[in-house]
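Counting starts at 1 for both ligands and their atoms, following the listed order. For clarity, every value in this text was computed on a predicted model and none was experimentally measured. Scope of the values below: all heavy atoms of this structure, side chains included, with no hydrogens, waters or symmetry mates.
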Amino acid sequence: MDDRYDLVTIGAGSGGVAASRRAAAHGAKVAIVEAGRVGGTCVLRGCVPKKLLMYAAQFGDAFAEARGYGWVLPEPPRFAMDRWQQAKSAETARLEGIYRRLLEASCVTLVEGRARLDGPGRVVVATGDGTRTLLARHVLVATGGAPVRDSLPGIGQAATSDDLLDLDHVPARVAIVGSGYIAVEFASMLARLGASVAMYYRAEQPLRGFDAMLRGAAAAALQAAGVELHAGVLPRRIARVAGGFVLELGDERLREFDWVLNATGRRPNTAGLGLETVGITPGARSEIPVDATLRAADGVWAIGDVTDRVNLTPVAIAEGRALADTLFGGAPRAVDLSRVASAVFMLPPLASVGSSEDDAVAAGHALKVFETDFRPMKAAFWGGEERTRMKLLVDAASDRVLAVHMAGSDAPEIVQSLAVALTAGATKADFDRTVAMHPTAAEEFVLMREPVRRLPAR
Ligand code: NDP
């Protein structure tokens, strides 16, 4: 077999598959190497199964709401995680099948085994029955990341989000360490699925980097769901004991849990890749440094979480396609990472596009800040306490809307649509002359008339 390719991609996750298929569509001869299942973190161990668990957790709220809307439910409903687990495994297997068929239909050769670089233009793959050397004009590293396991003494023994999504029962007493995306999303879900949850984290508010309004909304929503928040408290050590874990919390305080989730971040997968053979030195977080064109070394490129820039699936996909267009499509282009929308799939969810208020001020903008905070119609009817919060940040000099933040039902769907307006450069005047759609929550975004505060440029 001729093992000479225009592109060899290492890692068949969302980014690697997107790049490979686009390159093949441009006529390149492409191989993609994968050591595990095809589909990557998002499809197999992340976004997709996480959102399926969020839908399961949402029913916990829906039963209470249904009673408020006149439904008589005969017995207290109970969540059987083993049934969810079976359905989830079937769904991820179905999606993996789709990924494999897409590669085949795109004429991308799938090589199953562990790859390492072996000097410029050479990728050696350890397969089940030996090694295979692939020769490549270009190599793309798209190996993603994995949970950090050394952030605190003993935390390596705790479970990660991968393990959580493979559980077949909900643990009774859960400790979560960290307060980023993963901590907040799973605390919110587990509390609704029957666990008693305590979060330990070093910041004052969860979700560092998000707008203060969203951080406050996240803390309030977690507390309303019964999650214990221990801001500014980290275990000194986590120890395994019979049947569970003990958290050493200082002052000789010990607390036992059945299960502990390590949600202290993820780190790029670069170990054992042979990067040194092509002159690449990983950065302090093990990431592959790339320039604006995603170039890591001569003929070596990297996209997605392995570069540790904006660690979101759609970013990896967009980078992969842009790179393929640049290398093989005769259309050099880069991805603008300055305004990437993102969501936190807690209940109710949060979503943002554009910078936080603090960051916009620090960047030198004079701001007009528009905010609203209300009980949505659906909750008000049955006496639910859920609130919806919205914020627009407007540049006072140009009238451009710099950012949209929302906490509340459907926030990710609404903010994704508004992201188009921001990308197109919409001004507050454009929002104002848009006629509302009633009754919706989203209409509030075009009905905010007076700023709650004006902040001068620093
Ligand atoms: P995050 O980077 O979001 O959060 C990491 C958390 O761990 C923070 O609370 C951080 O604290 C804490 N932490 C880090 N190091 C230490 C330490 N040494 N001791 C104590 N605490 C520590 O990581 P996640 O694991 O939540 O998620 C990983 C990535 O996955 C995210 O960056 C995101 O890109 C992606 N993701 C995206 C989702 C989405 O789009 N909805 C959902 C889930 C994951 P501090 O805040 O104080 O720094």
Side-chain angles (χ1 to χ4, degrees), residues 13-15 40-55 144-156 158-165 175-189 199-210 212 214-215 218-219 222 229-238 247-250 260-269 284-287 304-317 319 337 340-353 356 406-407 411-413 415-416 419:
S14 303
T41 297
C42 179
V43 172
L44 303 170
R45 299 176 290 281
C47 335
V48 171
K50 178 277 305 287
K51 197 154 181 201
L52 296 174
L53 191 65
M54 187 209 76
Y55 286 133
V148 167
R149 291 175 187 274
D150 56 3
S151 48
L152 291 167
I155 203 157
T160 66
S161 55
D162 297 3
D163 306 312
L164 194 163
L165 290 163
I176 297 183
V177 186
S179 63
Y181 284 92
I182 290 179
V184 166
E185 292 182 342
F186 286 123
S188 174
M189 291 178 214
M199 274 176 66
Y200 293 90
Y201 49 97
R202 60 188 179 185
E204 270 177 43
Q205 291 278 33
L207 296 173
R208 190 188 297 281
F210 278 84
L214 297 185
R215 299 181 73 183
L222 288 168
L229 298 185
H230 298 278
V233 181
L234 279 182
R236 291 187 178 172
R237 220 172 84 82
I238 297 168
L247 265 56
E248 297 179 13
L249 294 164
V260 179
L261 176 66
N262 164 14
T264 56
R266 295 172 62 86
R267 193 172 286 155
N269 284 328
R285 290 189 43 80
S286 318
E287 79 279 10
D305 288 10
V306 78
T307 66
D308 198 28
R309 301 184 313 157
V310 180
N311 296 335
L312 297 170
T313 303
V315 170
I317 292 173
E319 288 177 343
L337 297 182
V340 177
S342 80
V344 180
F345 291 97
M346 64 182 306
L347 293 166
L350 316 178
S352 270
V353 57
S356 68
M406 176 174 173
E413 309 292 336
V415 171
Q416 169 70 92

If the cut-off is 4.0 Å to any non-hydrogen atom of [X], which atoms of ligand 1 fall inside it?
{"X": "Gly178", "value": "9 (O)"}
{"X": "Gly180", "value": "3 (O), 4 (O), 6 (C), 8 (C), 9 (O), 26 (O)"}
{"X": "Lys50", "value": "41 (N), 42 (C)"}
{"X": "Leu234", "value": "19 (N), 20 (C)"}
{"X": "Ala343", "value": "39 (C), 40 (O), 41 (N)"}

Between [X] and [Y] (side chain of the first, backbone of the second, donor and acceptor by atom type, cut-off under 3.5 Å), is there such a pair?
{"X": "Arg236", "Y": "Leu249", "answer": "no"}
{"X": "Arg215", "Y": "Leu207", "answer": "yes"}
{"X": "Arg285", "Y": "Thr307", "answer": "no"}
{"X": "Asn262", "Y": "Ala159", "answer": "no"}
{"X": "Glu185", "Y": "Phe345", "answer": "yes"}
{"X": "Ser188", "Y": "Leu347", "answer": "yes"}

Could you pull out, from [options], the option with a heavy atom nearest to [atom]?
{"atom": "atom 38 (C) of ligand 1", "options": "Tyr201, Phe345, Tyr200, Tyr181", "result": "Tyr181"}
{"atom": "atom 30 (O) of ligand 1", "options": "Arg266, Glu185, Lys51", "result": "Arg266"}
{"atom": "atom 34 (O) of ligand 1", "options": "Asn262, Thr264, Val148, Asn311", "result": "Asn311"}
{"atom": "atom 45 (P) of ligand 1", "options": "Glu204, Arg267, Gln205, Arg208", "result": "Arg208"}

Contact partition for Leu312 relative to ligand 1, non-hydrogen atoms under 4.0 Å: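 Side chain only.
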Ligand 1-proximal atoms of Ala263, by part, heavy-atom distance under 4.0 Å: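 Under 4.0 Å from ligand 1, Ala263 contributes backbone atoms alone.
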Which value, rounded to the nearest 0.5 Å, describes the distance between Leu261 atom CG and Ile182 atom CD1?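 Leu261 atom CG to Ile182 atom CD1 measures 7.5 Å (nearest 0.5 Å).
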[atom]: which protein heavy atom is closest, and how many Å away?
{"atom": "atom 9 (O) of ligand 1", "result": "Ser179 N, 2.7 Å"}
{"atom": "atom 26 (O) of ligand 1", "result": "Ile182 N, 2.8 Å"}
{"atom": "atom 10 (C) of ligand 1", "result": "Arg202 NH2, 4.2 Å"}

Check whether the ring centres of Tyr181 and Phe210 lie less than 6.0 Å apart, and answer yes or no.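 Judged by ring-centre distance (under 6.0 Å), Tyr181 and Phe210 do meet the cut-off.
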Short N or O distance, Gly265 and ligand 1, threshold 3.5 Å exclusive: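 The answer is yes, given that Gly265 and ligand 1 share an N or O pair closer than 3.5 Å.
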Looking at every heavy atom in both Gly209 and Ser356, which two are closest together, and how far apart are they?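 Smallest heavy-atom distance, with atoms named: O-CB, 4.2 Å.
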Can you see which heavy atom on Ala351 is nearest to which on Leu214, and at what distance?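 Here Ala351 and Leu214 meet closest at O-CD1, 3.9 Å.
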